[in-house]
Amino acid sequence: MSTDVTTEMYGSRLYGFDQPLERERIGLIGDVFDPFTRRRLADLGPLSGLRCLDVGAGPGTVAAWLADQAGPFGEVVALDRDTSLLREAAHPGVRAWQADIHAAPDAELPAPGFDLIHARLTLCHLPGREEVLPRLVSMLAPGGLLLVSDVINTMACASPHPAVRALTRAYDQALVTTLDSDLNYARSYPAPLAAAGLTGIGMAADVPLVRADHPTVRFWTLTFSAMRTEILATGLIDAAGFDAAIGHLQAPATHELGYTLVTAWGRARAVAP
């Protein structure tokens with residue numbers, strides 16, 4: 001995490017819900033990553049009747065799925081700094097909760113005791129992410145499960161196109177200098193979960209393909225384009241290279257690995273009998 005630059009908050013000027021095309025972009029996050037998230041959650045056991053917290057819930061697609069799985073005897077709280085999309089979706093089984101998981105005092109957060117806490121593409125964008133993860137652990141019920149997912153840049157080494165490799169490296173650098181986001185944070189998984197005292201720790205990786213018939217192409221086109229100015233300012237790629245990379249991603253013949261979604265999980269210790 002950077003300490004010598006002035007950064008802005010993710011979701012304010014950049015990637016804010018009020019920005020052009022951001023609602024489409026954030027909807028595509030669900031199209032790209034929700035199938036992986038649902039599978040990882042389902043593989044960890046039945047969700048019926050559980051009290052669940054979805055942190056950084058965005059439009060609430062994961063929270064809505066959790067509510068369907070938890071059923072009428074469960075509870076799902078969807079927490080985000082901006083709950084406008086959650087309130088628009090208005091799933092009857094999801095309670096929207098507006099708060100900043102990093103900055104809000106405990107009194108402004110949901111009461112602890114959750115059976116499941118999920119956070120996807122959240123910790124990597126938060127300042128003080130090293131302190132946020134233990135805070136999430138403290139909100140678990142005894143035996144409760146924490147599942148976190150963040151991406152790492154596979155395209156910088158896996159793409160056969162030099163401009164794509166340069167673009168993704170420049171994007172990662174722009175995130176650090178502009179937003180203090182760290183797309184290398186997930187490379188440390190699952191060690192932060194063990195350090196926070198969780199047990200039964202596991203980890204998995206899922207790689208969405210970038211191809212013309214998949215929403216990854218539109219998602220990454222919008223994601224990179226929203227930060228074009230900041231990406232070019234890194235000096236790691238010029239305008240011609242940026243355009244060449246986007247053109248390659250959108251080409252009908254492109255079929256390659258995207259950013260890898262790394263998921264780690266663990267359980268809070270149960271109370272001794």
Side-chain angles (χ1 to χ4, degrees), residues 1 33-34 36-57 62-63 65-81 93-95 97 99-152 182 184-206 260-273:
M1 190 169 64
F33 295 114
D34 278 6
F36 302 124
T37 298
R38 292 194 296 265
R39 183 175 69 197
R40 297 303 169 195
L41 286 166
D43 284 349
L44 293 172
L47 301 171
S48 178
L50 298 189
R51 182 173 184 241
C52 307
L53 175 65
D54 188 24
V55 179
V62 172
W65 181 83
L66 284 172
D68 292 339
Q69 304 306 305
F73 300 107
E75 177 189 7
V76 175
V77 178
L79 186 148
D80 208 306
R81 199 173 60 244
V94 175
R95 181 184 180 189
W97 192 293
D100 185 335
I101 189 63
H102 170 245
D106 290 345
E108 295 180 7
L109 296 176
F114 287 97
D115 303 303
L116 169 69
I117 297 178
H118 167 260
R120 184 183 69 195
L121 304 180
T122 299
L123 291 175
C124 65
H125 293 304
L126 286 176
R129 58 189 65 87
E130 293 87 355
E131 292 77 41
V132 172
L133 194 147
R135 189 177 204 187
L136 295 178
V137 171
S138 73
M139 298 175 72
L140 288 169
L145 176 72
L146 173 68
L147 186 143
V148 293
S149 300
D150 290 290
V151 293
I152 60 173
D182 183 4
N184 282 310
Y185 180 62
R187 296 182 187 275
S188 69
Y189 288 162
L193 283 73
L198 296 180
T199 63
I201 289 172
M203 187 168 73
D206 297 290
T260 297
L261 185 70
V262 178
T263 300
W265 59 87
R267 291 190 179 276
R269 298 182 185 277
V271 174

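These values consider heavy atoms only, across backbone and side chains, with no hydrogens, waters or symmetry-generated copies.
Asp100 contributes no side-chain N or O that, together with a main-chain N or O of Arg81, makes up a donor-acceptor pair within less than 3.5 Å. Arg267 places a side-chain N or O within donor-acceptor distance of the main-chain N or O of Gly143, the cut-off being under 3.5 Å.
The side-chain heavy atoms of Leu109 and Leu79, taken from C-beta on, include a pair separated by under 4.5 Å. Considering only heavy atoms from C-beta on, Pro127 comes within 4.5 Å of His102 through its side chain. Using a 4.5 Å heavy-atom cutoff, the side chains of Asp54 and Val94 are not in contact. Taking the side chain as every heavy atom from C-beta outward, Met139 and Ile101 approach each other to under 4.5 Å. A 4.5 Å side-chain heavy-atom check between Leu193 and Val148 finds at least one atom pair inside the cut-off. Cys52 has its side chain out of reach of Leu47: every pair of non-hydrogen atoms, C-beta onward, lies at least 4.5 Å apart.
No donor-acceptor contact under 3.5 angstrom links the side chains of Thr263 and Arg40, judged on distance only.
Of all heavy-atom pairs spanning Pro112 and Ser138, the tightest one is CB-O, 3.9 Å. Between Ala196 and Leu133, the shortest heavy-atom contact is CB-CD2, 3.9 Å. The two residues Thr260 and Ala205 have their closest heavy-atom pair at CG2-CB, 3.8 Å. Nearest heavy atom pair, residue Thr122 against residue Gly56, reads OG1-CA, 3.7 Å. Nearest heavy atom pair, residue Ala141 against residue Asp115, reads CB-OD1, 4.2 Å. Across all their heavy atoms, Leu53 and Pro110 have their closest contact at CD1-CG, 4.2 Å.
Residues satisfying the salt bridge (Lys or Arg N to Asp or Glu O under 4.0 Å) test with Arg39, not counting sequence neighbours, are Asp206. For Tyr189, the ring-ring contact (aromatic ring centres under 6.0 Å, His included) partners two or more places apart in sequence, or in a different chain, are Tyr185.
Between the CG atom in Leu198 and the CG atom in Leu140 there is a gap of 6.5 Å [rounded to 0.5 Å]. Taking OG1 from Thr37 and CG from Leu66, the interatomic distance works out to 9.5 Å, rounded to the nearest 0.5 Å. Put simply, CD1 on Ile201 and CH2 on Trp265 are 11.0 Å apart, with the number rounded to the nearest 0.5 Å. To the nearest 0.5 Å, the span separating NE2 on His118 from CG on Leu146 amounts to 9.5 Å. Atom CG of Leu136 and atom CG of Leu123 lie 6.0 Å apart (nearest 0.5 Å). Interatomic distance, Leu126 CG to Asp182 CG, rounded to the nearest 0.5 Å: 11.5 Å.
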Donor-acceptor contacts, no H, no angles, side chain residues 67-74, under 3.5 Å, sequence neighbours left out:
{"unit_1": "Asp68", "atom_1": "OD1", "unit_2": "His91", "atom_2": "NE2", "d": "3.1"}

Full working for side chain to side chain contact (heavy atoms under 4.5 Å, CB included) between Leu41 and Trp65: CA-CA 10 Å; Leu41 286 166; Trp65 181 83; 3.8 Å; yes

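Salt-bridge formation is detected for the pair Asp34/Arg120: a Lys NZ or Arg NE/NH1/NH2 atom is positioned less than 4.0 Å from an Asp or Glu carboxylate oxygen.
Considering Val137, Leu145, Val55 as possible partners of Ile117, the one that fulfils the side-chain contact (heavy atoms from CB on, under 4.5 Å) test is Val55.
Around the CZ atom of Arg95, the shell of radius 6.0 Å holds no more than 12 heavy atoms that belong to other residues, nucleotides or ligands.
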